[in-house]
Number of protein chains: 2
Amino acid sequence: MQDVEFGHVECADCPIRHRAVCSRCETDELVLLEEIKYYRTFEAGQTIAWTGDKLDFVATVVSGIATLSQTLEDGRTQMVGLLLPSDFMGRPGREMATYDVTATTEVVMCCFRRRPFEELMRTTPHIAQRLLEMTLDELDAAREWMLLLGRKTAREKIASLLAIIARRDASLKLSKAGGSLEFDLPLTREAMADYLGLTLETVSRQVSALKREGVIELAGKRHISVPDFDRLMLETGDDCDGGMPF
Amino acid sequence: MQDVEFGHVECADCPIRHRAVCSRCETDELVLLEEIKYYRTFEAGQTIAWTGDKLDFVATVVSGIATLSQTLEDGRTQMVGLLLPSDFMGRPGREMATYDVTATTEVVMCCFRRRPFEELMRTTPHIAQRLLEMTLDELDAAREWMLLLGRKTAREKIASLLAIIARRDASLKLSKAGGSLEFDLPLTREAMADYLGLTLETVSRQVSALKREGVIELAGKRHISVPDFDRLMLETGDDCDGGMPF
DNA sequence: CGACGTGTTGAAGACTCTCAAAGTCCGTGG
DNA sequence: CCACGGACTTTGAGAGTCTTCAACACGTCG
């Protein structure tokens with residue numbers, strides 16, 4: 001793998017310090033992590049791990065977006081997770097990758113060698129506690145996605161994905177004015193299709209339909225603005241007040 | 001909820017002692033668990049919890065089968081998990097149920113009051129460690145299921161479900177002779193449909209088709225035998241040697 | 001400029017769903 | 001004992017959604 005060395009960053013200055021697997025750690029615990037961590041950068045499109053690869057590290061996404069996906073023998077693929085900044089990759093106690101991990105944008109990861117990390121897990125309850133919490137959140141998200149994959153129509157799937165991305169984007173920018181939202185799609189039509197269990201043509205058609213009906217506006221292929229977020233939510237098929245994914 | 005008091009069982013004699021959340025506990029730790037545990041029995045068909053219910057306990061399934069499901073406002077429902085003996089229900093740190101939990105057979109649960117259990121989690125690393133491990137396994141299973149929901153055909157979905165149940169049944173009975181497998185379906189056609197993201201009619205048709213073609217044999221509606229397991233595996237669409245769900 | 005990656009659109013077809021009717025099994029009650 | 005109702009299942013026919021295959025548009029890059 002071609003990957004670029006990334007300048008060392010103090011944990012205390014880390015942009016995702018408060019959300020990642022290390023968020024509960026005290027300063028003395030951070031020192032221990034600091035000793036076994038190193039940064040790696042992956043280019044957009046680069047594969048970070050193939051299913052079955054031996055992985056000698058676990059890692060936290062510092063910046064960028066990566067995807068987890070599974071493939072059937074005949075090539076059908078399904079995305080099963082999205083790794084956003086602060087998300088954790090890899091499983092303590094397991095050597096092999098169980099998914100294909102791909103960088104969709106440039107990705108910077110904070111890596112820990114697996115053995116020392118596992119050792120730290122045993123001695124530092126704060127890490128294990130946080131990892132449990134994060135894993136439970138991921139499980140909830142995965143199950144929410146199962147509902148989407150199993151029961152939603154193509155249109156509802158698209159609306160749900162856009163709503164999730166819009167909401168996440170808004171929460172990052174803190175620009176949560178009730179009015180119009182704008183964001184860039186971090187995924188190609190094909191990636192959206194793999195995420196939603198659709199074909200890319202269906203994705204394209206449904207996006208066009210939502211645009212035609214004024215639910216969203218497009219500037220270029222990737223830039224989307226949502227004039228009325230509630231209108232978009234109506235299209236998702238979800239309970240509009242119930243528990244939200246992500 | 002009508003539920004029957006269940007005779008107290010010593011943890012040491014518990015049939016799922018070695019697989020449940022308590023499997024790593026030492027005998028002195030079991031004593032602590034023993035103090036806060038109690039048994040409850042739920043009848044077949046009974047709802048154990050509704051989404052949004054306040055849950056003042058977490059629990060381990062001792063015997064029987066329960067399902068986790070989510071529902072859209074218009075009634076479409078998707079099963080998002082199956083609770084088998086030794087599986088854990090409830091989330092430490094969360095008051096509300098996030099899924100509907102339903103007993104499909106009579107279910108005996110070993111319950112722990114939530115607060116004391118959370119306290120034990122903090123003081124007893126063995127419990128937290130095991131729970132993390134179980135949660136990671138569930139996450140893997142959920143993602144395997146996402147592949148099924150998003151990309152498999154109806155026929156492949158049915159074959160996958162039968163293969164999973166057959167394999168689990170075989171591992172319980174230790175009757176892993178390579179030859180013919182037999183088992184009872186613990187689910188109605190409707191429950192299978194909710195699990196697979198299909199309609200019950202499609203489930204029925206595909207089961208009939210598999211029977212017609214000799215992949216499976218039916219005795220009554222629920223008893224199934226598989227003359228050639230490899231043949232069934234071919235129908236699942238999976239890599240026949242790769243990592244297996246469950 | 002032409003190749004390539006990405007995205008859009010159309011037409012035909014496949015698969016699954018919806019609606020409807022009827023069959024099986026089982027327990028209740030006459 | 002048998003009729004009856006209810007839960008569960010099977011099967012058919014038609015409709016609809018989504019996929020497949022194909023052509024074309026757009027922008028970047030060599």
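By convention in this document, chain letters (A, B, ...) are assigned in the order of the sequence lines, proteins followed by strands, and residues within each chain are numbered from 1.
Every salt bridge (charged side-chain N to carboxylate O under 4.0 Å, His left out) that A:Arg151 has, sequence neighbours left out, goes to B:Asp194. Annotation: side-chain hydrogen bond (donor to acceptor under 3.5 Å, both in side chains) contacts of A:Asp184 (sequence neighbours excluded): A:His223. B:Phe183 is linked by a ring pair (Phe, Tyr, Trp, His ring centres under 6.0 Å) to nothing, counting only residues two or more places apart in sequence or in another chain. Legend: residues meeting side-chain hydrogen bond (donor to acceptor under 3.5 Å, both in side chains) with B:Glu217, ordered by chain and number and at least two apart, are B:Ser225. Partners of A:Thr60 under the side-chain hydrogen bond (donor to acceptor under 3.5 Å, both in side chains) rule, at least two apart in sequence or in another chain, do not exist in this structure. Every residue was checked against the side-chain hydrogen bond (donor to acceptor under 3.5 Å, both in side chains) condition with A:Thr71, not counting sequence neighbours, and none meets it. Residues passing the salt bridge (charged side-chain N to carboxylate O under 4.0 Å, His left out) test with A:Arg189: none are found, sequence neighbours excluded.
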For nucleotides 16-20 of chain D, list the nitrogen or oxygen atoms of the protein found under 3.5 Å from its nitrogen or oxygen atoms, one pair per line.
residue: D:dC18; atom: OP1; partner: A:Ala154; partner atom: N; Å: 2.8
residue: D:dT19; atom: OP1; partner: A:Thr199; partner atom: N; Å: 3.4
residue: D:dT19; atom: OP2; partner: A:Thr199; partner atom: N; Å: 3.4
residue: D:dT19; atom: OP2; partner: A:Thr199; partner atom: OG1; Å: 3.2
residue: D:dT19; atom: OP2; partner: A:Thr202; partner atom: OG1; Å: 2.4
residue: D:dT20; atom: O4; partner: A:Arg205; partner atom: NH2; Å: 2.8

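Using a 4.0 Å heavy-atom cutoff across all strands shown, B:Arg76 reaches no nucleic acid atom at all. Within 4.0 Å (heavy atoms only), A:Ser204 reaches at least one base atom of the nucleic acid.
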List the atom pairs, with distances to 0.1 Å, where a side-chain N or O of residues 206-215 of chain B and a protein N or O form a donor-acceptor pair under 3.5 Å, not counting sequence neighbours.
residue: B:Ser208; atom: OG; partner: B:Ser204; partner atom: O; Å: 3.0
residue: B:Glu213; atom: OE1; partner: B:Arg155; partner atom: NH2; Å: 2.6
residue: B:Glu213; atom: OE2; partner: B:Arg155; partner atom: NH1; Å: 3.4

Contacts under 3.5 angstrom, residues 99-111 of chain B side chains, donor-acceptor by atom type, not counting sequence neighbours:
residue: B:Tyr99; atom: OH; partner: A:Asp140; partner atom: OD1; Å: 2.6
residue: B:Asp100; atom: OD1; partner: B:Thr51; partner atom: N; Å: 2.8
residue: B:Asp100; atom: OD1; partner: B:Thr51; partner atom: OG1; Å: 2.9
residue: B:Thr104; atom: OG1; partner: B:Ile65; partner atom: O; Å: 3.0
residue: B:Thr105; atom: OG1; partner: B:Ile65; partner atom: N; Å: 2.9

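Bracketed by its first and final contacts, the part of DNA chain C lying under 4.0 Å from non-hydrogen atoms of chain A reaches from C:dG7 to C:dA11 in 5' to 3' order.
Ion pairing of A:Arg76 with B:Glu156 is present here, as a side-chain N (NZ or NE/NH1/NH2) and a carboxylate O approach within less than 4.0 Å.
For the pair A:Leu200 CG and D:dC21 P, the computed distance is 13 Å after rounding to whole Å.
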Return a single string for nucleotides 23-30 of chain D, one symbol per nucleotide in 5' to 3' order, where B is base contact, S is sugar-phosphate-only contact and - is none, cutoff 4.0 angstrom on heavy atoms. --------

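At the phosphate of D:dA7, neither OP1 nor OP2 sits under 4.0 Å from any side-chain N or O atom of B:Arg189.
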